[in-house]
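First the structure, in the form of structure tokens, and then the observations on it.
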Amino acid sequence: MHPLFDKFIQHNQQWESVERFLKHDPHLKRLEGLPYIYYSPLLREIPLTVSGIYLVDGGRQVGKTTLIKQTMQKCLSELLFEPSNMLFLTGELISNLEELRQILNMFIK
């Protein structure tokens, strides 16, 4: 994998193995210890059979990352996508628009 992806590895452990992502993803791991886990109705509405780049936007701490990670969990568990075709990016680790362009171009190649 290209060095541009190094800082995103912990969020994309599916590249190593599906089992590793399901057991060691930092966000899914945090959910394990909770007595109640919320599954958004959006999980059923996201068109998983339509290829594309999906962006999730919203206020802080409203569940965006959890929704994405649960969607990735579903896709990997149900073998809907090749793990190497999935990429999770967090805006907190991207410095500017040019870096985002570079990352997306490299991933698409």
Linked, directly or transitively: [X] and [Y] (ILVMFWY side chains, under 4.5 Å):
| X | Y | result |
| --- | --- | --- |
| Met106 | Trp15 | yes |
| Met86 | Ile68 | yes |
| Leu55 | Ile108 | no |
| Phe81 | Phe5 | no |
| Leu34 | Val62 | no |

*For the residue pair Ser40 and Tyr38, what are the closest heavy atoms and their distance?*
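Looks like CA-CE2, 3.5 Å.
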*What are the two closest non-hydrogen atoms of Leu93 and Lys7, and how far apart are they?*
O-NZ, 2.7 Å
Rounded at 0.5 Å granularity, tell me how far [atom1] in [X] sits from [atom2] in [Y].
| X | Y | atom1 | atom2 | answer |
| --- | --- | --- | --- | --- |
| Tyr39 | Leu67 | OH | CG | 12.0 Å |
| Gln73 | Phe21 | CD | CZ | 7.0 Å |
| Leu104 | Leu100 | CG | CG | 4.5 Å |
| Ile103 | Glu98 | CD1 | CD | 10.5 Å |
| Ile94 | Gln102 | CD1 | CD | 11.0 Å |
| Leu80 | Asn85 | CG | CG | 12.5 Å |

*Pick out which of Leu48, Val18, Ile46 makes a side chain to side chain contact (heavy atoms under 4.5 Å, CB included) with Cys75.*
Leu48
For [Y], does its backbone N or O pair with a side-chain atom of [X] as donor and acceptor, under 3.5 Å?
| X | Y | answer |
| --- | --- | --- |
| Lys69 | Asp25 | no |
| Gln14 | Leu76 | no |
| Ser17 | Arg20 | yes |
| Gln13 | His24 | yes |
| Asn12 | Phe8 | yes |

_Steps toward side-chain contact (heavy atoms from CB on, under 4.5 Å) verdict (Phe107, Leu4)_ = CA-CA 10 Å; Phe107 184 72; Leu4 272 175; over 6 Å; no
*asked:* Please determine whether the number of non-hydrogen atoms from other residues, nucleotides or ligands lying under 6.0 Å from atom NZ of Lys23 exceeds 12.
replied: no
*Take atom CD of Gln61 as the centre, draw a 6.0 Å sphere, and report whether it contains more than 12 heavy atoms from other residues, nucleotides or ligands.*
no
*Test side-chain contact (heavy atoms from CB on, under 4.5 Å) applied to Glu45 and Leu42, step by step*: CA-CA 5 Å; Glu45 295 179 29; Leu42 291 174; 3.9 Å; yes
*Are any of the side-chain heavy atoms of Gln70 and Leu31 separated by less than 4.5 Å?*
yes
*On the 0 to 90° scale, with breaks at 30° and 60°, tag the Phe88-His27 ring pair as parallel, tilted or perpendicular.*
tilted
